[in-house]
Each structure stands twice: as C-alpha cells, then as structure tokens.
Amino acid sequence: MGAGNYDRKSVLFELGAAAVILLAAVLFLFNRKKEVVPEYVFSYAENQTKDYPTTMGGMRFAALVEERTQGRIRIQVQSEGQLGSETEVIRQMRYGGIDFARISLAQVADYIPEMKVLQLPYLYEDASHMWRVLDGEIGERYLQYPQQYDLIGLSWYDAGARNIYCSAKPVRTLEDMQGMHIRVQESEMMSEMMTALGAIPVKIPYDQVYAALERSQVDGAENNWSSYEAMQHYEVAKYYTVDEHIRIPEIQVCAKHTWEQLSEEDREIILECAKESALYERTLWTEYEKTARKTALENQVEEIVLSAEEKRKFQDAVQLIYDRYEADYGEDIAQIRALGAQ
Ligand code: GCU
C-alpha cells in the first residue's frame with residue numbers, strides 16, 4: 001500500500017467524520033429551535049388521586065391548552081392535595097398563589113351563597129336531570145357567580161351522588177341517623193343538611209377523613225362511591241347506605257389575577273379546553289364509579305339501599321332547608337325542578 005493511498009483514505013475519513021459532526025450539530029440546533037419556551041407556566045390544584053376522573057380531566061385540560069397555544073401556556077396539575085385543602089386553595093387563588101383548580105362546589109358555595117342552590121339536598125332526580133341544568137342557561141349563569149369572589153368559573157365536572165357510610169353500625173332508617181357524628185366538608189350547607197337529618201356534623205378536610213374514621217373521631221362520613229374507594233375509606237367504614245342525599249358538581253376555576261394576564265384569544269382557548277375536558281371527565285366518571293363500587297363490595301363492604309318509603313323520610317327531613325332558601329332563591333329552585341322528569 002503506497003503512502004499516497006493511505007493519505008487519501010485518511011483525508012476521506014476525516015471529511016466523513018466532520019460531515020457527521022456538522023449534521024449532528026445542525027439537527028441539534030434545529031430541534032432546539034422547535035422547543036418552545038412557555039410564556040406562562042400555571043399551577044392547577046386538585047385534591048384527588050392521580051388516576052381519579054377529575055385529575056385525569058385536569059390533565060386533559062392542560063394537554064389541550066398546551067397543544068392549542070403551541071406550547072405558550074403550560075399548566076401543571078398538582079394532584080393529591082399537594083397545594084393544600086380546598087379552602088386553602090380558594091384562599092391562595094385570591095392572593096395570587098395558585099392559578100387554576102378543580103374544587104367541589106360545596107367549598108366554593110361557602111363563599112358565594114347564591115351557589116348553594118345547585119347543591120340543595122335531593123334537588124335533582126338523577127344525573128341526567130343535573131346535566132340538563134348545568135349544561136343549560138342555569139349552569140352558564142352560575143358559572144359567572146364566582147367572579148364576585150375573584151374566581152372565573154370554567155366548567156362543571158361530575159361527582160355523582162353522595163351517600164352515607166359508617167364504621168360501627170349501619171344506617172338503615174332515618175332513626176339510625178339520630179345523634180351520629182358524621183364528617184362533612186367545610187361547608188355550611190352540608191352542616192345544615194346533616195343537622196336536618198338528625199346527625200351531628202363534624203367539619204373535617206378531605207385528606208383527614210380516613211384518620212378521623214379510624215380513630216372513631218366520627219361515626220361516619222358521606223361521599224360518592226369513587227371517593228369512598230379512592231381514599232380507601234371502605235377499609236375503615238364498612239356500611240355504605242345508598243340514600244343519594246346530594247349531588248355536588250365539581251367546578252373548574254381560574255384565579256381572576258391569572259385571567260387578567262391573558263389575551264382574549266387565550267381566554268377563549270382556555271374556556272373551550274375546559275369544556276372539552278369536562279366531557280372527557282364525565283365519561284371517565286361513569287366507569288370509575290362502577291369499578292369503585294365493585295372494589296368496595298369485594299372488600300366486605302355492606303351496601304344498604306334505602307327503600308322508597310325510607311328515602312321519602314330523609315327527603316321530608318331536609319324540607320326545612322328549602323323553606324329557608326325559598327324566599328331568596330325560589331325562582332331558581334322552581335326552574336331547576338321544572339327540568340326534572342323529562
Ligand atoms: C369529593 C370531591 C372533593 C372533596 C370531597 C370532600 O370527593 O371530589 O373535591 O374534597 O368530596 O368530601 O371533601
């Protein structure tokens with residue numbers, strides 16, 4: 001092999017290597033150009049577990065917003081109550097600490113009395129009645145109310161119907177409710193309702209309910225099948241009484257100070273994505289609720305379904321709440337009732 005031949009080969013080799021390095025550098029720069037640095041990074045509070053329907057709905061919302069703003073708006077969903085209890089989250093949203101949240105209406109309604117109407121006990125005949133209300137003019141109007149409290153209502157999520165569950169003894173009749181200590185949300189309406197049913201309401205934040213049941217600080221609690229399962233309350237309260245005393249929709253909200261930073265176009269995108277994510281959450285809800293009930297029943301939970309006659313007694317007992325609200329909100333209550341039985 002001559003020296004000339006060797007030199008040519010080595011020059012070719014070096015040129016090839018240089019070309020590869022150059023190509024890699026060009027690709028690197030090209031990809032870096034495509035990676036958009038977000039203009040906004042927002043926080044989103046959620047107190048449920050990672051695979052819970054509302055959390056998955058929040059994740060879908062964040063993904064849709066990021067996609068439709070070409071990465072300019074990034075929303076970071078923080079689940080499992082990492083950002084605090086719902087009352088703390090609402091407070092922080094007013095003072096600029098948190099941008100978005102999904103919260104139980106019961107908590108928001110504690111600050112905005114008009115909203116209590118939507119969570120009156122035994123108000124809706126079933127889920128489709130509630131959705132006729134929330135998807136219509138009433139739902140849209142009630143989404144505007146949180147503005148009084150520096151929150152922008154975006155959409156309604158499903159949370160099914162709530163039932164009563166106890167650890168030491170089951171509730172089979174209204175009589176059984178008398179004098180029982182039952183955990184309720186930090187909400188006046190929930191306290192009023194428990195008192196009307198003859199029980200003693202004990203306000204405890206969601207993440208502390210398991211411990212309260214375990215230590216017999218309360219005799220029972222109330223929630224939908226999904227939360228009962230997700231928070232493992234079925235391990236410490238084995239009697240689940242289906243009385244469907246209340247449907248409390250969930251609400252997605254944005255802090256007013258965050259909303260005000262956004263352009264009209266971005267606000268529209270956010271509203272549209274919130275509404276789409278709500279439809280997604282509703283489909284997840286139906287499935288999750290069924291599986292949650294199945295899991296509970298497989299874990300030695302006794303399901304007690306009230307007879308129509310007994311349920312009527314529960315409904316009659318809460319009538320005094322309607323009497324209180326009738327004067328101020330009679331028209332809305334009548335409008336909501338009219339949307340039942342269709
Ligand atoms: C439901 C709701 C939660 C709420 C909880 C409660 O699970 O989804 O947001 O905190 O009820 O009873 O506190």
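When a ligand or atom number is given, it counts from 1 through the structure's own listing order.
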Which residue supplies the protein heavy atom nearest to [atom], what is that atom called, and how far is it?
atom                    : value
atom 7 (O) of ligand 1  : S227 OG, 2.6 Å
atom 3 (C) of ligand 1  : Q48 NE2, 3.6 Å
atom 13 (O) of ligand 1 : R183 NH2, 2.9 Å
atom 4 (C) of ligand 1  : E86 OE1, 3.6 Å
atom 8 (O) of ligand 1  : E250 OE2, 2.5 Å

Q.
Under 4.0 Å, counting heavy atoms only: does M231 come that close to any atom of ligand 1?
A.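 It does not; every heavy atom stays at 4.0 Å or beyond.
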Q: Search all heavy atoms of V77 against all heavy atoms of G58 and return the closest pair with its distance.
A: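 For V77 and G58, the tightest heavy-atom pair comes out as CG2-O, 3.6 Å.
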Q. Between P249 and L118, what is the shortest heavy-atom contact and its length?
A.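 Closest heavy-atom pair between P249 and L118: CD-O, 4.2 Å.
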Region of [X] that comes within reach of ligand 1 [heavy atoms, distance under 4.0 Å]:
X    : value
N223 : side chain
N47  : side chain
Q107 : neither
R162 : side chain

Q: Report the residue from F42, F100, Y157 that forms a ring pair (Phe, Tyr, Trp, His ring centres under 6.0 Å) with F61.
A: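 When F42, F100, Y157 are each tested with F61, the ring pair (Phe, Tyr, Trp, His ring centres under 6.0 Å) holds only for F100.
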Q) So does E310 pair up with K313, basic N to acidic O under 4.0 Å? A)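 So E310 pairs with K313 through a salt bridge.
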(Q) Less than 4.0 angstrom from a charged side-chain N to a carboxylate O is my criterion; do K203 and D110 meet it? (A)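 Salt bridge: no.
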Q) Is E137 atom CD crowded by more than 12 heavy atoms from other residues, nucleotides or ligands, each under 6.0 Å away? A)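 Check passes, neighbour count above 12.
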**Q.** W225 ring center within less than 6.0 Å of Y240 ring center
**A.**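 For Y240 and W225, the ring centres are under 6.0 Å apart.
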(Q) Judged on heavy-atom distance to atom 6 (C) of ligand 1, which of Y206, Y157, Y228 sits nearest? (A)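 Among Y206, Y157, Y228, the closest heavy atom to atom 6 (C) of ligand 1 belongs to Y206.
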Q.
Before you tell me yes or no, could you show the steps for T54 and E46 under side-chain hydrogen bond (donor to acceptor under 3.5 Å, both in side chains), namely the whole-Å CA-CA distance, both residues' side-chain angles and the distance that decides it to 0.1 Å?
A. CA-CA 8 Å; T54 55; E46 167 61 65; 3.1 Å; yes
